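Note that this is a predicted model, so its numbers are computed, not measured.
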Amino acid sequence: MAGYTDSKQDHAMRLRRVEGQIRGLQVEEDKYCIDILTQVSAATSALRSFSLSLLEQHLAHCVAEATLKGGPEAEAKVKEASDAIARLVRS
């Protein structure tokens, strides 16, 4: 079972909201540049917040479960989470 299973509906709703924000970015209508940048910032922030929430659930469920078992699986899950955090920090 995925760590986010209990929050799947909430996650879907958040992603639909971000999708709407992205779809709302229209340069064809000659919107003011700052307004477009504000929308981009809001969408970026929403995606970052979603990513952190999903990462938190992954750590609390998948990584924690693997570390209780120990061994190579635990090491792999910690490395995987560490790599994901590095990707998020770079973006």
Side-chain angles (χ1 to χ4, degrees):
M1 179 171 81
Y4 62 87
T5 299
D6 293 338
S7 306
K8 197 182 311 187
Q9 188 173 4
D10 178 54
H11 287 321
M13 186 173 63
R14 290 176 75 178
L15 287 174
R16 281 193 296 275
R17 194 173 316 128
V18 172
E19 181 183 18
Q21 287 176 311
I22 299 296
R23 210 177 289 122
L25 294 171
Q26 301 296 321
V27 292
E28 297 90 29
E29 299 175 14
D30 292 331
K31 287 188 178 180
Y32 187 54
C33 299
I34 299 302
D35 292 342
I36 295 170
L37 290 171
T38 299
Q39 289 177 310
V40 169
S41 178
T44 301
S45 178
L47 276 174
R48 186 175 292 114
S49 176
F50 172 78
S51 297
L52 290 173
S53 173
L54 194 60
L55 177 62
E56 182 180 343
Q57 290 176 336
H58 179 69
L59 291 171
H61 181 266
C62 302
V63 176
E65 189 175 289
T67 56
L68 286 175
K69 294 177 183 175
E73 182 184 350
E75 292 173 18
K77 288 288 184 190
V78 169
K79 171 81 170 96
E80 180 183 59
S82 180
D83 291 346
I85 292 167
R87 285 191 303 274
L88 285 172
V89 170
R90 282 192 302 265
S91 63

### Query
Can you list the other members of the hydrophobic cluster that holds L59, where links are side-chain heavy atoms under 4.5 angstrom apart?
L55, V63, V78, I85, L88, V89
### Task
Under 4.5 Å between side-chain heavy atoms, chaining through other members, with only Ile, Leu, Val, Met, Phe, Trp and Tyr counted: pull out the rest of the cluster around I34, sorted by chain and number.
Y32, L37
### Task
Go through the structure and list residues passing side-chain contact (heavy atoms from CB on, under 4.5 Å) with E56, not counting sequence neighbours.
none
### Task
Keeping to residues at least two apart or across chains, list the ring pair (Phe, Tyr, Trp, His ring centres under 6.0 Å) pairs with something in residues 5-24.
H11-F50
### Query
Sequence neighbours excluded, which residues qualify as side-chain contact (heavy atoms from CB on, under 4.5 Å) partners of K8?
Y4
### Message
So which atom in A66 and which in A74 form the shortest heavy-atom distance, rounded to 0.1 Å?
### Response
O-CB, 3.3 Å
### Message
Using the side chain to side chain donor-acceptor pair (under 3.5 Å) criterion, which residues pair with S49? Sequence neighbours excluded.
### Response
R14
### Message
Going by salt bridge (Lys or Arg N to Asp or Glu O under 4.0 Å), name the pairs with one or both residues in residues 79-91, residues two or more places apart or in two chains.
### Response
K77-E80, K79-D83
### Query
Quick one: side-chain contact (heavy atoms from CB on, under 4.5 Å) partners of I22, sequence neighbours excluded?
V18, L25, A43
## Note on the structure
Value for OG (S51) from NE2 (H58), rounded to nearest 0.5 Å, stands at 13.0 Å
### Sequence neighbours excluded, every pair satisfying side chain to side chain donor-acceptor pair (under 3.5 Å) that has a member inside residues 33-44
none
### Message
The criterion is side chain to side chain donor-acceptor pair (under 3.5 Å); which residues satisfy it with E19, sequence neighbours excluded?
### Response
R23
### Task
Compare every heavy atom of G24 with every heavy atom of K31, then report the nearest pair and how far apart it is.
NZ-O, 3.6 Å
